Enquirer: 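I am attaching a structure below and will ask some questions about it afterwards.
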Amino acid sequence: MTDHEKSQQIYQLGMHAIRGTMSRKQLLKRAAVLGIVPSVVALLAACGGDSVAPPPAEPEAPPADPPADAPEPAPPAAADIGDSLVILETEIAPGLDGEGTSFGQISTQTALAQLYEHLVQPMRTEDANGVLVPEFGTYEGRLAESWEQNGLEWTWKLREGVISAAGNELTTKDIEYSLARIKAFSPIPIGWFLMTVASIMSLDLPNTDPSERGLADEFEIVDDYTFILRQMEPSPNLLTVLPVVSLGIYDSAKMLENATDEDPFSRDFADQVDSAGFGAYSITNWDKGESISMTVNPNYFRGEPEFKNLTFRRVPQAGARVTAIQSGDANVTTGLSPKEFHELDQSDAVDVLGWLGNVFVALGPNYKSEPWAGGGDPDTSRLLRQALAYAIPYDDIIEQDFFGQAIKWNGLISSKFYGAVDFGDRYSYDPDRARELLAEAGFPEGTGLEGPGLTLSYIAEHASFIEPVANRIRTALADVGINIELDPLPQTQFVDRETNLDDIPFSLLDQQVAIGPDAGYQSQLNHVTPDNGGLDNSVNYASAEFDAIYLEQKVNPDVESRLAQMEAMQAILIEDLPRIPILERASQIAVTAGIRGWSPKPDGSRVGEIWTMHT
Amino acid sequence: MSGFVLRRLLLFLPQLLAIAIVGFALLRLLPVDPVSRIVGSFGTDEARQSAKETIGLDRSFGEQLGSFLEGLLTLDFGESFVSGDSVRAELGDRIPVTLQLIGIGFVLALVIAIPLGRYIASKVGGRIEKVTTVYALFAGAQPDFWWGLIFLFVFFFKLGWFPAPLGQLDPTQIAPDGPTRFIFIDTLVHGQFDLFVSALKHYALPIITLTFVLTGPILKIMRQSALDVISSDYLLYAKASGFTPKRVRRMTARNSFAPVVTITGVLLVFALGGAVLIETVFALPGLGRYALSRTLDTDFPAIQGAIVFMAAFGLTVYLVMDILYALLDPRVRHSRD
Amino acid sequence: MLFVRDLSVEYPEIGRTTYAVNDVSLDVPAGSVVGLVGESGSGKSTLTLAILGLTRGRGRIAAGNIEFDGENLLELSEDAWREIRGGQIGLVPQNPRGALDPAERIGMQIEEYYLAHRDATTAEANARALELLTLVGINDPERRLRAFPHELSGGMAQRVLIAMALSCSPKLLIADEPTSGLDVTIQAEVLDDMRRSVEAVGSSLLVITQDLGIVANYCDRVYIMHAGEIAEEAPVERFFENATHPATIALLAAQDQHYEHERVRLRGLPVNTRNLPSGCYLHRRCQFADHAAGCHDVRPPLTDVLPDHRVRCHRFREVPELAGRRADVGTPAESAAPPHARGAAPTNGALLSVEGLVKHFPIPGSDAYVQACQDVSFDVKPGETLGVVGESGSGKTTLGRCVLRLLEPTGGRVVFDGRDLHELSKGELRQLRKDMQIVYQEPFDSLNPLLSVGRQIREPLKLHSDLSRSERRERVHELLGLVGLPKAVADAVPQGLSPGTLQRCSIARAIAPNPKLIVLDEPTSALPPEAEADIIRLLNDLQERLGLSYIFISHDLALVREFCNRVVVMYLSQIVEIGTQEELFARPRHPYSRALLASVLEPNPRAKRDVGARAERLEGEIPSPIDLPSGCYLASRCHFVRDRCRSEPQELYPLVPGHDVRCWRVSENDLTEAEIEESRRRVAASANPDAG
Amino acid sequence: MSATDTQPELEFEEVLRPAGFGARVKELLRTSWLFRIGLVIVVIAVILAIIGPYIARFPLETATLDTNEGPSSKHWFGTDSNGFDIFSRVLAAPRIDVSIALAATAISLAIGSLLGLLTGYFRGWAGESVMRVVDTIQAFPLFVLAIIVVVMTGRSIQNVIIVIALLNIPIFLRMMRSQVLSLRERTFVEAARSSGSRELNIAFGHVLPNGLSPGLAQAPITMGFAILVTAGLSFIGAGVQPPTPEWGAMIASGADTIVIGEWWTSVFPGIAISLTVFGFAVVGEGLRAMYLRQG
């Protein structure tokens, strides 16, 4: 079976999974449904890891981290915060199982990051602004004390004396349990992820009966603190995958206490009742949908954090979150608009921390919808897309709508990812050029342009800052003769249509995050056709040439030639423009003045590990 | 009288059932498809089928309706498509918030509007009467959500008298768990007076907003009906009969309350639905926002649960209103159209 | 007892103050009955309230003195006032149903009234309430005590109020139009009761009324109010014979043959007290107003004509002569042939014949029904006026509707112009409608308030004629002329027009399609007395010109006598007597007809209804039309009742040709004149033991 | 009296009131300052609904670089985050708000009155059933129903109009029906019948126009209410599509920033709603008082 066939099959299974896992709890209880959820993976918290090699772009990246440029590091205002933090979020985790229905939710990932601990995490160093910047490619052991690679075999040594919140000591049993649990529900996201990206488990013959899905060759216990992982084929991404937020290790003792015959892996318990992790915190109170409170795990191996009690509260209104953090009613919040971060940055009571990760804004003209399909002619389509790319006032958007807290995106792969190419000013704001291209495509001055693609959709809940962008684009497109309408969609609808149905005719994407910091991976996520293993090709881009190179680089162990292949792929993308890249924006977080130690991740969990926060 | 009440009671259940069924059918008639949203466009037929089976949409309309109605008997609305939780439990958390908001808002509005309306009715043509009448007209025609924002701007942002709009309590405070889920009751039951005060502060602005808007129409009706009574022949005759002022006041009160009862009922039903606006402004986790967000999520069981509760609430209000009206005005006991 | 001096009630308004009662002085001596007469809006009701220290709305008593029983009321404290109100001075208000608290049971209201003035227990008050309801002749008083006001008829409510007013035996009873909502037979009963109670305890009675019959029969002294002032005051005989003020004369002329109506009538609507003219308030309306006499500029003082006869008119010496009272005219009772009635009915075949008409109104949700018409048969000949009289609930209005098939009869036949109405198709019926029209009681109600009068008159023309638009317009103007109205009315809406004018418009609409028959359903009962006379003249005039036939439905016997050729008397869905006008009024046979006639109050103090006439009075209340007795429907109220009456349904027996009576005793000559005389004598004796 | 002998003349104090609405409104205008104010507001709102978009000082839907500016001599009401001129959009919004209100009210008035007329005039089990249905509908918080329907069928002006019309049909239906129930007992209806008019002609020619008065007096109030509902729906994102200038959506766009002091984005459209709805309410009250006086 070729890789191609394999990934196709897995893809099909994955689709099953979405149906099952996304539908509801009972299904999970029955644990009878297979699936992977590529779509949600796209939204999923990206793994915190780095590519093997540091992204080449970093040294040259012109504006480093805009918010970090804040005139002077605000003097740590004498905020007497105490040992409790109030964190405001747009949503509160509806479930806490890394393999549960809600694993894709930012709020769930934020909570998991506090409750569970991982084998490894990327190394981070705190910069002057109090941001723990990940240093891609270097890892520190967490639950793992050390590890050794030998071909396809990785030998892991666990840290001794690590005690869970429930008081149980970590042993290889817990690793076995956690992996078995992942496999039992495979192929669901994490299992799938381990398999496809890190090539850990042989999942080519999925079995719907969980009882027959024990760990086989891929895992072996040596003693209480030593175990071996085996890969199917060489993949440099294992360390990248392990820090994925929902890959936390379970306290098997506690989990088994709560298992039932129907639910041997305690999914109901882990998803809806309590956590069972080795993380820094444990749950004290959970008001579904409204708030979740945590207190410190006294046994945490890294010691006590400065903030002992956490309260996550749901405050969907950005304005309310802003006021709350200003008034000191809350200490941490995210999910604000650039403007709000900008405003907060001026306030003495609040510090805004920022890091330029892989959050981007792009237009997604769908190949299924006219006029972007170009009537079936790829050339017309390409010309139209290029016209769009020349018609967008990048600088205005960055300055007016993002207050300079973003940079123009000169490519279709996040600039900090491994293998990303910066195409410079391949496209810049040039309305005359846009008009020319439009005419060339057969639509002089926009005459003759029609179709559902002229309705631009975006997430209504993000309207406060994405709508100005949409309006600016609308105005700019009108200027070159493309008249579009706006159609904000509720988040759930937008996400479903964007990731599952792929039928949004024209979307304004925001916060699209890739999970693997690797150009190949991001291509697989966004641009490869489903037939060749593409995951979230929401604009239905299909290029045989591109797919062919992708499949080659995927199994290419040679670093140099793989880099060349990835560059070739991006060269195709930048001409075809399956999406119109607009900008990369900063990941930001607002904290009560004086709080430091934010450990950002290139994902949606935003808040990161709170354990590292301090004043 | 008892016949009247009985007749109204007999209507109650069929009406509730009708709304429940219409709501149920409406969700299935509207162009939304929870299955597609769950499965995605690449879903195979089996996948669609399995998802359908899971959420029960594979069965015939009649069967679905049957089990929905069966659930209704035990107030079981099923489990949410989105959260997987029991909709009844979710409603149990949300409903108290909205009921407290509009309940207190209405009590205050009535306590202000009734005596004031009665008072200005006796001062027709006077300055206070004119100002109050204009106020009544004005307040009855206002966007409450906007006033909520204005109040927030003034009393929170500018003056800092009230806490940030962050729900029922300060973010650090944790609401007691039960027994009623009404925070004002639960905090007292548990003797958590600090939480009670905090809740009071958090509810203050939304309630003031609601009261500000509600006072208008109630005042208008109260003024008019008190005016009608004051200028009525029977009141004049009561005076001409040498009745004591106390008796005359009782007569005025009793006869002018009936229209107030009606308008209160109508407003109450509307406020339950309109509460979503104030809840949104003040981030109160109430029923309105629940209904809104679950509507956005195409969460059928949750929407159905919300519809049934709201219908039951509305019908109960109308029932109580009719009975009160009949108690106050014997004329309707005999014939009511 | 009561002496009112220079009383004024003012209504302050922005910029000016108006006086609803202006400088009024009025005496009600102990043991007397005083009448207060005036058009609506003349300030009568305001005055009566002011006597109790009350005003409506923002009014206040601006000046004057009220001395009652030796006390100056206006100096009283509020507590003392409360004792006077209801305790010393009882008020029977106008609008009886509106005067009762709608949310309180009747019994409770009476008890509270009683307890407000008497130190008694609730049980005693309850007993008193029961006693009083019985006294004012309410059937089944225990049940009524538990009733709410809306469950009572207007008449019953009026009696409840009378009972309340009498409950504390007040020294002065003020009755504001106490009988306006009552049927004639009951009206007489109530007034007799009130008068009797005044006589019995030596208290006094102030009656506010527009009905000169009541004045003539019950009052000792009369005050005429006009525009908030007393226009004239006089003892009752002098009032009728030597009226001096033009307003008084106009009032009298409408009901009294002694005056030539056209010569003395007041023009236009009553003067609005909010907008009083200079000089004599009446000068614009008065036919005798004269610049030279100062009518236009100088407000006339109240001047003594005789010591007990005062009048507020500059020309009081000339007016009686100018008005031309004819001393030679007899009282109406004596005049055999009223001027407008034509004695002999035309003899040609019937235009309309009604045979065995039955109309039931089923009561929803039960098998019961209201019997509105039972076996009604009569004819109407071309050019004839058939009167239908009866009290409320007798079925006369239903009959009028059924005849026109505006209601579907339950049984029987109506043949109009040779065609059975009930065999006609809907279309044919609509065609035939042009030949039969109707004029209604309520002028405001019978015209569409939104449409112009002209359009409403045009409507039948549009349906039933081929006239072009402009022809129709012309025809409307012609019709308006015919009913005595200017063309301009055509473009006006009904609002703002007087009831009399509106009724003319209704008549114009009725005659527009050139009908053969018009049903007149109490066309004048909602009109003030003067307008009533005008309308009757107009109808007579039109009948002469256009050869119309009328069915004239009325409860007013005087009008029927004046206006009709033949008369049908209805009682409880049945015709009890039918005959020519002369026959019926000269020799009424049926006990009900007799009672009805006997209840008529002649506006002539010299022809007071004698006490003996009470023999004709009917006892108790009309039985419910849902649950009619098996025998004679009148059995429960009739003085001449025999056992046979109670069991045997009555038939219409022909007495003489053209005169049928539904009473077996009359038909079998069982009820003799002697017996009637005997009955009279007996009642007279019991009513007035002293005279016995 | 002989009718034609004398020159017909009217009694003095009788007033020939022309048939028509205008004359009565004039009277109302003369007597009530509040009504004058209300009418001025309504007239302005209606005029703006027609010309608002054309008198705007700045393009309504063209994003500019002047974002989030406070009120100034250039941008009288400031600008929002899109760089839209708020003053221009406040003036242009009646095009949407007032039009939606007008259309929805007209539809509900027409349908409600028609149903009310039919169920009231031709009574029967069908009419009774309609009333029970209306009872039931009215017991439901309709704003929520509106949300459900608009969210699920898509935001569009048509959907908003239809939903608001549905909300108001029961009000007009009840008004008309109760009017008709009393009007059909009025004798002028029977008079028309006795003239030979057909039932339908009577129902539509006589009963309908008379029964309409309270509904017409209610109409401005309903319009105000419709503006509130439109704005409310937009506020929670179930209204019209952006960037259409609409007051509720404009308030919503500033809702997040008003609490951090950027007040102008929400305040000005709010004032516009507040005044407009008040104006409609005042006019409605005035008409109602007029109707009651004449009734």
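Below, read A as the first sequence line, B as the second, and so on, with proteins coming before strands; counting in each chain starts at 1. Owing to the predicted nature of the structure, the values given are computational and were not obtained by experimental measurement.
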Enquirer: Provide the closest heavy-atom pair for D:I271 versus B:W146 in the form atom of the first, atom of the second, distance.
Expert: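 Scanning both residues completely, I find the closest heavy atoms to be N-CZ2, 3.5 Å.
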
Enquirer: Is the shortest side-chain heavy-atom distance between D:I236 and B:F145 below 4.5 Å?
Expert: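 SC-SC contact between D:I236 and B:F145 ruled out.
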
Enquirer: Between B:I307 and chain D, which part of the residue has a heavy atom less than 4.5 Å away: side chain, backbone, both or neither?
Expert: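 Its backbone and side chain both get close to chain D.
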
Enquirer: What option among D:I147, D:I273, D:I221, D:I148 has the most heavy-atom pairs under 4.5 Å with chain B?
Expert: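 Highest number of heavy-atom pairs under 4.5 Å: D:I148.
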
Enquirer: For D:Q138 and B:V269, work out which heavy atoms get closest and say how close.
Expert: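 Scanning both residues completely, I find the closest heavy atoms to be O-CG1, 3.9 Å.
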
Enquirer: Kindly give the heavy-atom pair with the smallest separation between B:A141 and D:L228, and that separation in Å.
Expert: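 Reported closest heavy-atom pair: C-CD1, 4.1 Å.
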
Enquirer: Under a 4.5 Å heavy-atom cut-off, does chain B meet the side chain of D:F280, its backbone, both or neither?
Expert: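 For D:F280, no heavy atom lies under 4.5 Å from chain B.
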
Enquirer: Check each atom of B:I303 against the heavy atoms of chain D and say whether the ones under 4.5 Å are side chain, backbone, both or neither.
Expert: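 Side chain of B:I303 only, per the 4.5 Å heavy-atom cut-off to chain D.
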
Enquirer: For B:I128, does the CD1 atom sit with more than 12 other heavy atoms under 6.0 Å from it, leaving out its own atoms?
Expert: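 Open: at most 12 neighbouring heavy atoms sit under 6.0 Å from CD1 of B:I128.
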
Enquirer: What part of B:Y318 is in contact with chain D, defined as an atom under 4.5 angstrom from a non-hydrogen atom: side chain, backbone, both or neither?
Expert: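 For B:Y318, the side chain is the part near chain D, not the backbone.
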
Enquirer: Go through D:G224, D:A252, D:P269, D:G232 and name the one with the most non-hydrogen pairs under 4.5 angstrom from chain B.
Expert: D:G232

Enquirer: Could you look at D:I258 and say if it's the side chain, the backbone, both or neither that has a heavy atom under 4.5 Å from chain B?
Expert: both

Enquirer: Find the distance between CZ (B:F12) and OG1 (D:T136) and round it off to the nearest 0.5 Å.
Expert: 11.0 Å

Enquirer: Which residues in residues 283-291 of chain B have any heavy atom closer than 4.5 Å to a heavy atom of chain D?
Expert: B:A291

Enquirer: Which atoms of B:K158 come close to chain D, meaning under 4.5 Å heavy atom to heavy atom: side chain ones, backbone ones, both, or neither?
Expert: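 When you check distances to chain D, no heavy atom of B:K158 falls under 4.5 Å.
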
Enquirer: Please report the shortest heavy-atom distance between B:G273 and D:F143, naming the atom on each side.
Expert: O-CD2, 3.5 Å

Enquirer: Could you tell me which portion of B:V134 (side chain, backbone, both or neither) has an atom closer than 4.5 angstrom to a non-hydrogen atom of chain D?
Expert: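 Both parts, heavy atoms under 4.5 Å.
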
Enquirer: Checking B:L319 against chain D: side chain, backbone, both or neither under 4.5 Å from a heavy atom?
Expert: neither

Enquirer: Heavy atoms only: give me the nearest B:Q15-D:D135 pair and the separation to one decimal.
Expert: NE2-CB, 3.5 Å

Enquirer: Which region of D:V267, side chain (C-beta onward) or backbone (N, CA, C, O), has a non-hydrogen atom less than 4.5 Å from a non-hydrogen atom of chain B, or is it both or neither?
Expert: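 Both parts, backbone and side chain.
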
Enquirer: Given heavy-atom pairs under 4.5 angstrom as the criterion, report whether the side chain, backbone, both or neither of D:F235 touches chain B.
Expert: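 When you check distances to chain B, only side chain atoms of D:F235 fall under 4.5 Å.
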
Enquirer: Is the B:F138 ring parallel, tilted or perpendicular to the D:F278 ring (thresholds 30°, 60°)?
Expert: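 The rings of B:F138 and D:F278 stand perpendicular, inter-plane angle above 60°.
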
Enquirer: Of all of B:L26, B:L27, B:L152, B:L137, which one pairs up most often with chain D through heavy atoms under 4.5 Å apart?
Expert: B:L137

